[in-house]
Amino acid sequence: METKEASKEAKHLKLDSGLKKYNTCIKICVHVNNVRFNLSGYMSGVNKDDLAMFVADLHNLLDWHDDSSRACNVTDIIESLVQTYVIERFVQTDIIGSLVCADIIKSLQQTDVIERLVQTDIIERLVQTDIIGSLTAQKEQLWLFDGRRGERSSDEELSVRVCWVLDQLGYSQSMVLHRRVTCKKWEVIGSINIISQYNTTIITAGSKGEGFAAPFESDSDTVLLYMYSVCKTPGDDSLTLPDTHYEFTMDSEHCHPGHFRLELTQSGTTGKSNIQQALFVHDNGKTYISSEKYVTSFIKDNDQTVSGPAITGCSKYSSWDHVNSFRCTSQQQLLSQWINRQRHHNWPTQDLIEEASKLEAQMVPVGCKGSEHKNIEWRVCFILSVQKLTDSWNENQYKIYILLKLIKKSQLKPISDEISSYLMKNIVLWFTEQNPAKIFKKKYLLQNVMNCLRNLQDAIKANHLPFYMLPDRNLLIGRINPEQQQLLIEKLGDLIEEGPRVILRCPKVSKALEMSPAELAKKNRWREKLEKLWLEGMNIWFTYWSLNKEGVEINKEAWRNPHYIRLYDRIHGMVWPQWREYQGDDRVDILKRKVVGVLS
């Protein structure tokens, strides 16, 4: 069995057998297999002669090359051990750490050892050993702040490091995808619960729907789409509606681009009080629906407020926006300029353009800021189309957006709340379209962030940022006053002058950069496990959700579900192992606070 397993692992190397150092790596792997393990995978005994051969071969390998390449050779060994899965057997011992850590540290100033480990999945397999922890504990300042080393710039090195750190903060591709899939489940479950009774479906908008935010990191934006109300541009006869539906014609006259007055052209036979309350007859004799009256008709208690098109509510630890919207089936006419405009870098691809343009738009009850008639104007949105585009971003594109949001939160929001994540998203959408794919690499991450900050500064100087989907619509109109504009221009100038290390101003990132990769990766595995349990719990919670139920009632029903109870027992045990022993009246509040603290 020993010989068979050694042969199998050596076979996986796929290395050039003509190179002596790789042959030695194979020899090392063979010797490692002479270490005996019990069935559980933990070391039960060591053949001292074989271990001595292992050590001798390792140091022979190091002696074949001069000091300038020694660390690189050690990294080759580590990579080989990882590829053959032999290193899995070392995690309970200090073999790897004691043998090679000193040699890596010795040569760190001349090579890119950490970067090589970070750019692969190797670091994930080493976090249980002493290599990465010992290495970065002694060389963290060199890695982050030294000037040029070798042929690579420190800015590029920092970019690679930050890219990996973002993975450990909950923004890895796998975690983003997991959130997206979970949100789609919520939408399906919630829509099933209300479609038959209310003829309504649910869309999770914003960062939650895109998978770019942890559960308590930002507001929850939910769009309730009423299927019985349809908006169309004049002359659009592509869809024949049943008599039960309301039909509105979109009138763009005297409105800022992207905004419309909705003229009632078919009154549905199904009585909908919110619509009836908001209808009015204009001086021209036509019947329109007031956006202001419509949105306020959904306010149920004094704790709710209107924010743009949304009804906003909050609890002690979270807040949410609910937007009541109508269907818009004329999206292809509205997007004709976007569909047909010339692009030089094949993003979005033609297939992606076709897919996005087939998804219906939404009409939401809010007028253009500064408009004389904003109380009767509605805005067209392309929530599903934009989600289709952001879903296509690779990690080196969406991480630009993540970092811009973090910079916005810590540096720009104190000046103006109007510099929103939505503006940052549009900056990145334009940047992705207008630049070649080759610049979207880990090493260019921070440089791309700086270029986006420059684009934002230019937009604020001109007080003009075109909406990516409808360029005639200016996203900055009526948003910032002259004083805020000047302060933002100056602040962005300071950030741009500071360069890529501006990211250290973001507390979340700077704190993570101060931790050793081993500690950070371990913390992230724990955090992701907790978040996945919480998301699974929300899947159960949504099975009891309905429009006519209060949160307290839903919670009571969910807590009768044995699986839901078991999930939260595990969640509580993770954040507070002694929670059962504490009998204080504030136990529930403490548990919530701890969960929210981790998942924010």
Side-chain angles (χ1 to χ4, degrees), residues 203-214 216-223 256-259 295 305-312 314 318-323 325 362 364-371 374 379-383 385-387 389-390 393 398-432 449 452-471 473-481 483-485 487-489 491-492 495 505-506 508 600:
I203 301 172
T204 305
S207 293
K208 295 291 177 62
E210 295 158 345
F212 298 145
F216 299 98
E217 187 176 355
S218 62
D219 297 345
S220 295
D221 300 320
T222 302
V223 177
H256 183 74
H259 294 79
V295 71
T305 58
V306 174
S307 176
I311 300 295
T312 297
C314 63
S318 62
S319 60
W320 55 87
D321 292 338
H322 287 172
V323 177
S325 68
Q362 302 77 36
V364 300
V366 66
C368 178
K369 283 204 172 186
S371 170
K374 67 179 182 180
R379 187 172 72 209
V380 67
C381 298
F382 304 92
I383 299 168
S385 300
V386 172
Q387 277 189 0
L389 297 175
T390 56
W393 279 343
Y398 77 69
K399 285 177 179 176
I400 300 172
Y401 176 46
I402 298 297
L403 292 176
L404 286 175
K405 289 205 303 176
L406 294 174
I407 292 172
K408 179 267 301 181
K409 181 178 180 179
S410 66
Q411 303 300 310
L412 304 180
K413 189 175 181 180
I415 298 175
S416 172
D417 282 336
E418 295 293 345
I419 305 302
S420 63
S421 296
Y422 189 69
L423 294 184
M424 295 303 191
K425 186 189 304 179
N426 275 268
I427 289 286
V428 181
L429 286 167
W430 281 112
F431 188 75
T432 310
V449 169
C452 284
L453 289 177
R454 292 185 184 95
N455 292 346
L456 177 62
Q457 186 188 45
D458 290 342
I460 292 174
K461 285 179 179 178
N463 198 29
H464 187 266
L465 175 59
F467 177 31
Y468 178 74
M469 306 300 288
L470 292 178
R473 178 186 162 203
N474 178 13
L475 296 178
L476 289 178
I477 190 168
R479 296 281 175 181
I480 51 177
N481 60 43
E483 181 183 359
Q484 291 172 325
Q485 181 184 28
L487 289 172
L488 286 167
I489 292 171
K491 169 60 76 172
L492 285 165
L495 300 179
R505 292 194 184 204
C506 301
K508 197 170 189 177
S600 294

Quiz item: K491 versus I489: any side-chain heavy-atom pair under 4.5 Å?
Solution: no

Exercise. Measure across Q387 and T390 and return the closest heavy-atom pair with its distance rounded to 0.1 Å.
Key: O-OG1, 3.2 Å

Practice problem: Could you list the residues that satisfy side-chain hydrogen bond (donor to acceptor under 3.5 Å, both in side chains) with S218, not counting sequence neighbours? | Solution: none

Exercise. Identify, with sequence neighbours excluded, every residue that meets side-chain contact (heavy atoms from CB on, under 4.5 Å) alongside Q484.
Key: S416, I480, N481

Practice problem: Supply the atom-to-atom distance S318 OG to F216 CZ, rounded to the nearest 0.5 angstrom. | Solution: 6.0 Å

Exercise. List for me each residue that meets salt bridge (charged side-chain N to carboxylate O under 4.0 Å, His left out) alongside K425, sequence neighbours excluded, and say none if there are none.
Key: E210

Practice problem: Write down the atom of D321, the atom of A310, and the distance for their closest heavy-atom approach. | Solution: CB-CB, 3.7 Å

Exercise. With sequence neighbours excluded, tell me which residues meet salt bridge (charged side-chain N to carboxylate O under 4.0 Å, His left out) with R505.
Key: E498

Practice problem: Take R454 and L492 through the side-chain contact (heavy atoms from CB on, under 4.5 Å) test and state the conclusion after the steps. | Solution: CA-CA 8 Å; R454 292 185 184 95; L492 285 165; over 6 Å; no

Practice problem: Report yes if the side chains of W393 and I400 come closer than 4.5 Å at any heavy-atom pair, otherwise no. | Solution: no

Exercise. Any chance you could measure L488, atom CG, to Q411, atom CD, to the nearest 0.5 Å?
Key: 11.5 Å

Quiz item: Do the side chains of L470 and V380 get nearer than 4.5 Å, heavy atoms only?
Solution: yes

Quiz item: Looking at residues at least two apart in the chain, or sitting in another chain, which of them share a side-chain contact (heavy atoms from CB on, under 4.5 Å) with H322?
Solution: T222, W320

Quiz prompt | Partners passing side-chain hydrogen bond (donor to acceptor under 3.5 Å, both in side chains) against W430 (at least two apart in sequence or in another chain) | solution = none

Exercise. Considering non-hydrogen atoms only, spot the tightest contact between A205 and I383 and give its length.
Key: CB-CG2, 4.0 Å

Self-check item: Results of side-chain hydrogen bond (donor to acceptor under 3.5 Å, both in side chains) for K408 - residues two or more places apart only
Solution: S421

Quiz prompt | Point-to-point distance, once rounded to the nearest 0.5 Å, from OG1 of T432 to CD1 of I427 | solution = 11.0 Å

Practice problem: Please name all residues satisfying side-chain hydrogen bond (donor to acceptor under 3.5 Å, both in side chains) with S319, sequence neighbours left out, ordered by chain then number. | Solution: D219

Quiz item: Which residue pairs pass the salt bridge (Lys or Arg N to Asp or Glu O under 4.0 Å) test with at least one member in residues 409-424, sequence neighbours excluded?
Solution: K369-E418, E418-R479

Self-check item: Shortest non-hydrogen contact between C368 and H256, atoms and distance
Solution: SG-CB, 3.6 Å

Quiz prompt | Sub-4.5 Å side-chain heavy-atom contact between D221 and K208 | solution = no

Quiz item: In chain order, what residues pass the side-chain contact (heavy atoms from CB on, under 4.5 Å) check against V295, with sequence neighbours excluded?
Solution: V306, I311, P365

Practice problem: For S371 and G367, indicate whether the former's side chain and the latter's backbone hold a donor-acceptor pair under 3.5 Å. | Solution: no

Quiz item: Tell me the side chain to side chain donor-acceptor pair (under 3.5 Å) pairs involving residues 398-407, sequence neighbours left out?
Solution: D167-K399, S207-K405, E395-K399

Quiz item: Does L429 reach the side chain of L389, with side-chain heavy atoms less than 4.5 Å apart?
Solution: yes

Exercise. Quick one: closest heavy-atom pair of P309 and V323, and the distance?
Key: O-CG1, 3.9 Å

Self-check item: Spacing of CG belonging to L403 relative to CE belonging to M424, to within rounding of 0.5 Å
Solution: 11.0 Å

Quiz item: Quick one: are V449 and I407 in side-chain contact, heavy atoms under 4.5 Å?
Solution: yes

Practice problem: Measure the shortest side-chain to side-chain distance between S385 and M469 over non-hydrogen atoms and say whether it is less than 4.5 angstrom. | Solution: yes

In residues 460-468, what donor-acceptor pairs under 3.5 Å come from side-chain atoms, sequence neighbours left out?
| from | atom 1 | to | atom 2 | distance (Å) |
| --- | --- | --- | --- | --- |
| Y468 | OH | E433 | OE1 | 2.6 |

Quiz item: So does K374 have more than 12 non-hydrogen atoms from other groups sitting under 6.0 Å from NZ?
Solution: no

